[in-house]
Amino acid sequence: MDQKATYQIFVIILLLSHITQAERRNLGLLEGLVKFVQEGTRHFQEEPQDAATVLPEYDFIIVGAGSAGSVVANRLSRNPDWNVLLIEAGRPENYVMDIPIMATFFQFSDANWKYKMEPSSTVCLGMENRQCTCPRGKVVGGSSVVNFMIYTRGNKRDYNNWEKLGNSGWGYKDVLPYFLEIEEMTIPELTKDTRFHSTRGEVTISYAPFHTPLADAFVEGGRELGHRIVDYNGETQTGFSLLQTTKRNGTRWSASRAFLHPMRDRNNFHLKKRSQVTKILIDPSTKTAYGVEFVQNKKKYVVRAKKEVILSAGAVNSPQLLMLSGVGPKQHLTALNIPVIEDLSVGYNLMDHPGSLGLTFTVNQSVGLILNEMLNDGSSLVEYLNYHKGPFSVPAGCEGIAFIDTKNPSDVDGDPDLEILFFGASLLSEKSLYKTLGIREDIYKTVYEPVEDTHSWSGVPLTLKPKSRGRIMLKSANPFHKPLIYYDLFEDPQDLEMQLLGIKKIIDLSNTKAFQKYGSKVHNYPIPDCKHLEFGSDEYWRCVIRHLAVGIWHLSGTCKMGPISDQSSVVDERLRVYGINRLRVIDASIMPVVPAAHTNVPSMMLGAKGADMVIQDWKTGYLKN
Ligand SMILES: Cc1cc2nc3c(=O)[nH]c(=O)nc-3n(C[C@H](O)[C@H](O)[C@H](O)COP(=O)(O)OP(=O)(O)OC[C@H]3O[C@@H](n4cnc5c(N)ncnc54)[C@H](O)[C@@H]3O)c2cc1C
Ligand SMILES: *[C@@H]1O[C@H](CO)[C@@H](O)[C@H](O)[C@H]1NC(C)=O
Ligand SMILES: *[C@@H]1O[C@H](CO)[C@@H](O)[C@H](O)[C@H]1NC(C)=O
């Protein structure tokens, strides 16, 4: 049986096993399933196929079909005179991965690289072996297929700061046109704001077609606390809102669905799947990249690039590949017997947004999302299968978002340093999620399992301007060994204090009238390792933060963009790797400072802007054949 069928059947059996026979007959479940399987088959056929042959040479070779790489491939192959090879290590996307409520399920599958941070003595203490997991999409569409579908661009000052750091052409006025170029806004009241929204791009943005009454309480509670209700992707960012998501008609709109499906018939474009690039070929005498080596099905291929190799393998794998190919910190590479071609600060400057996951509140009415309940009462599933509506259309239970400038809370045009994510469910009570996160079973059993079937909500504070930095290193010169991820999320204590501030803000929210209507109460079962501290004291929360904060999957910065005068930069403002000809990095790893945003659409923006630079450079003859 082929992979797509096994996946769908697995999920369908899983869902059906919860529904009684009588319900199955009543509800139109069969019709829904037939419809879903038909849509899934169409979805499968629309993904560009694995190229049957590989040419010896292409104009451009792009490594990684993720958020950024998919856009780059789309834009470069618009020119029929250029042929483009896109190489992806992962499997095809599957339609079940696009069911929003199941957003996190596929981290178990081969669609995830399954990285972990190195064990720490200061953070991730509530995780097995004190290691936070670092999920990364290994699938056509990359991390946009395993993410939470949250759509944010960041604050204008984030990009103006990139420019201030010496990267000309990266101010907000320069990046906004690319955000607009790729956006298809479908929220009616937002489409009117044509300065900040567009309806002509590929990335479809919508609210979930369903939200819980608790999500309304979240927005209303924010208002009670003096915050505005805001379109946080509009002119100003600070305030509360329902979540804008990368979804079309209630299903995930991944980078692949947006950018690769429409180009499946371009005959100057080849996609290779399940093909892992193991090395960028660089001539050490001319320091020019001329191709890549990749492995598919244990078979090795060598392909040449006539014009450029473009790395879009993401913030873990792009630095890994550079280092494997001799571009990176000299001392580190020498220690691994990798001949050094260019000594650069590859792998440093690792950033993420820390977020504490454990903060849970119970309510006294049936207003939250409970997965068991949704599965037992088949009507939600039927509603989703037939109409793409209802609770299944909520990405992993995430429904609301707030951006706060803690230094100037009343500034309408603030510069947010704290985000709050709202989930209409007890996040860590979800079995599959606590397992994928690697949370210790004793913590789950004593704290979160007891409220598994209780209506609840969770708030996650995000430190938006992290000062701590991590580092990616090679474990060995073997490209199939996972790289090492070192990251003390709270190396700088301010990053932890921002979490504490966020937790207090979320407790304030719970105390608003909007939430008290539902008898919202902090779930006060202490984390076993912290129960010697007074529940609710600052010390208690700091302990919880060190146990249950994770990097919220916005890994970035490891091939930093910067001026030549900045020793820590790896690429220049046109994303060209310093010292190496015909090699660029276009993905989240070039971010000099992570924006106050979830990084999916910002990475797509980088893809569109980066591709434009490639096109300009070859048109003006800046680079000659
Ligand atoms: C669990 C999770 C939840 C998230 N939630 C959100 C969210 O809700 N909203 C949001 O905006 N952001 C979210 N993010 C972050 C966001 O998805 C990423 O920042 C973004 O997708 C990164 O884009 P990228 O192009 O840099 O890398 P990716 O999208 O990860 O793409 C890299 C691609 O390169 C491939 N690749 C890597 N190495 C090789 C190799 N050697 N050979 C061939 N191919 C290779 C990978 O398989 C992958 O497909 C989340 C991320 C995760 C993991
Ligand atoms: C959305 O999906 C449902 C379920 O397949 C379908 O019936 C409906 O026509 C779709 N709506 C749009 C606007 O495509
Ligand atoms: C829930 O709690 C609130 C606040 O205590 C109370 O006003 C309300 O009546 C309660 N509702 C139910 C259904 O118990």
Side-chain angles (χ1 to χ4, degrees), residues 32 35-36 38-39 62-72 86-91 103-104 106-107 111-113 115 133-154 186 209 243 245-246 248-251 254-256 272-280 292 294-295 311-318 320-321 324 352-353 363-366 384-389 395-396 398 421 436-437 479-480 513 515-521 550-556 585-591 594 597-604 606-607:
K35 197 166 169 183
F36 185 79
Q38 282 168 351
E39 288 172 12
I62 302 158
V63 182
S67 302
S70 300
V71 190
V72 177
L86 175 61
I87 308 176
E88 169 53 49
R91 45 162 296 127
T104 57
F106 295 94
Q107 290 182 25
N112 180 4
W113 286 88
Y115 295 131
T133 58
C134 276
R136 297 278 92 195
K138 187 180 184 184
V139 50
V140 176
S143 298
S144 76
V145 177
V146 297
N147 77 11
F148 281 52
M149 309 174 209
I150 298 165
Y151 172 48
T152 61
R153 292 181 187 163
T186 67
L243 202 62
T245 59
T246 43
R248 180 184 284 186
N249 192 14
T251 75
S254 67
S256 172
K272 287 304 289 175
K273 308 181 198 181
R274 301 184 199 277
S275 300
Q276 184 168 338
V277 173
T278 49
K279 194 174 184 182
I280 308 153
V292 301
F294 73 87
V295 174
L311 263 181
S312 300
V316 176
N317 295 55
S318 285
Q320 180 199 22
L321 268 176
L324 287 170
D352 202 334
H353 292 128
V363 291
N364 65 3
Q365 291 161 57
S366 305
Y384 184 79
L385 294 175
N386 282 297
Y387 310 108
H388 295 181
K389 293 201 163 114
C398 189
L421 272 182
T436 27
L437 291 168
F480 295 100
K513 279 199 219 100
F515 274 111
Q516 283 313 306
K517 199 163 92 189
Y518 302 113
S520 176
K521 257 201 331 241
V550 301
I552 207 107
W553 319 300
H554 301 161
L555 300 177
S556 49
V585 181
I586 308 183
D587 63 29
S589 44
I590 69 96
M591 296 176 173
V594 66
H598 296 246
T599 41
N600 179 31
V601 176
S603 302
M604 294 175 176
L606 291 176

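Each ligand, and each atom within it, is numbered from 1 in the order the structure gives.
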Which of the numbered atoms in ligand 2 are below 4.0 angstrom from a heavy atom of [X]?
X: E39; value: 4 (C), 5 (O)
X: K35; value: 4 (C), 5 (O), 6 (C), 7 (O)
X: N249; value: 1 (C), 2 (O), 3 (C), 8 (C), 10 (C), 11 (N), 12 (C), 14 (O)

- Go through the steps to decide whether Y151 and N600 satisfy the test side chain to side chain contact (heavy atoms under 4.5 Å, CB included), and finish with yes or no. CA-CA 8 Å; Y151 172 48; N600 179 31; over 6 Å; no
Please check: side-chain N/O of [X] versus main-chain N/O of [Y], any donor-acceptor pairing under 3.5 Å?
X: Q107; Y: P135; value: no
X: S143; Y: R136; value: no
X: S144; Y: A255; value: yes

Exercise for review: Please report the C-alpha distance between T251 and E39 in whole Å, then the side-chain angles of each, then the deciding distance to 0.1 Å, and finally whether the side chain to side chain contact (heavy atoms under 4.5 Å, CB included) criterion is met.
Suggested key: CA-CA 11 Å; T251 75; E39 288 172 12; 5.7 Å; no
Geometric class of the H554/H353 ring pair [parallel <30°, tilted 30-60°, perpendicular >60°]: perpendicular
Residue shell for ligand 1, any heavy atom closer than 4.0 Å, reads V63, G64, G66, S67, A68, I87, E88, A89, Q107, W113, P135, R136, G137, K138, V139, G142, S143, S144, V146, N147, F148, M149, I150, S275, Q276, V277, S312, A313, G314, N317, L321, W553, H554, D587, A588, H598, T599, N600, S603
TODO: Show your reasoning for whether side chain to side chain contact (heavy atoms under 4.5 Å, CB included) applies to T599 and V594.
DONE: CA-CA 8 Å; T599 41; V594 66; 3.9 Å; yes
In this structure, CG of L555 is separated from CG of D587 (nearest 0.5 Å) by 11.5 Å
Value for OG (S318) from CD1 (I280), rounded to nearest 0.5 Å, stands at 8.0 Å
Report each N/O pair between ligand 3 and the protein that falls under 3.5 Å, naming both atoms.
from	atom 1	to	atom 2	distance (Å)
ligand 3	2 (O)	N364	ND2	2.3
ligand 3	11 (N)	N364	ND2	3.0
ligand 3	14 (O)	N364	ND2	3.3

Nearest heavy-atom contact between C398 and I150 is SG-CD1, 4.1 Å
L321 and A313 have their tightest heavy-atom pair at CD1-CB, 4.5 Å
#### Entry: Contact with ligand 2 for N386, non-hydrogen, under 4.0 angstrom
yes
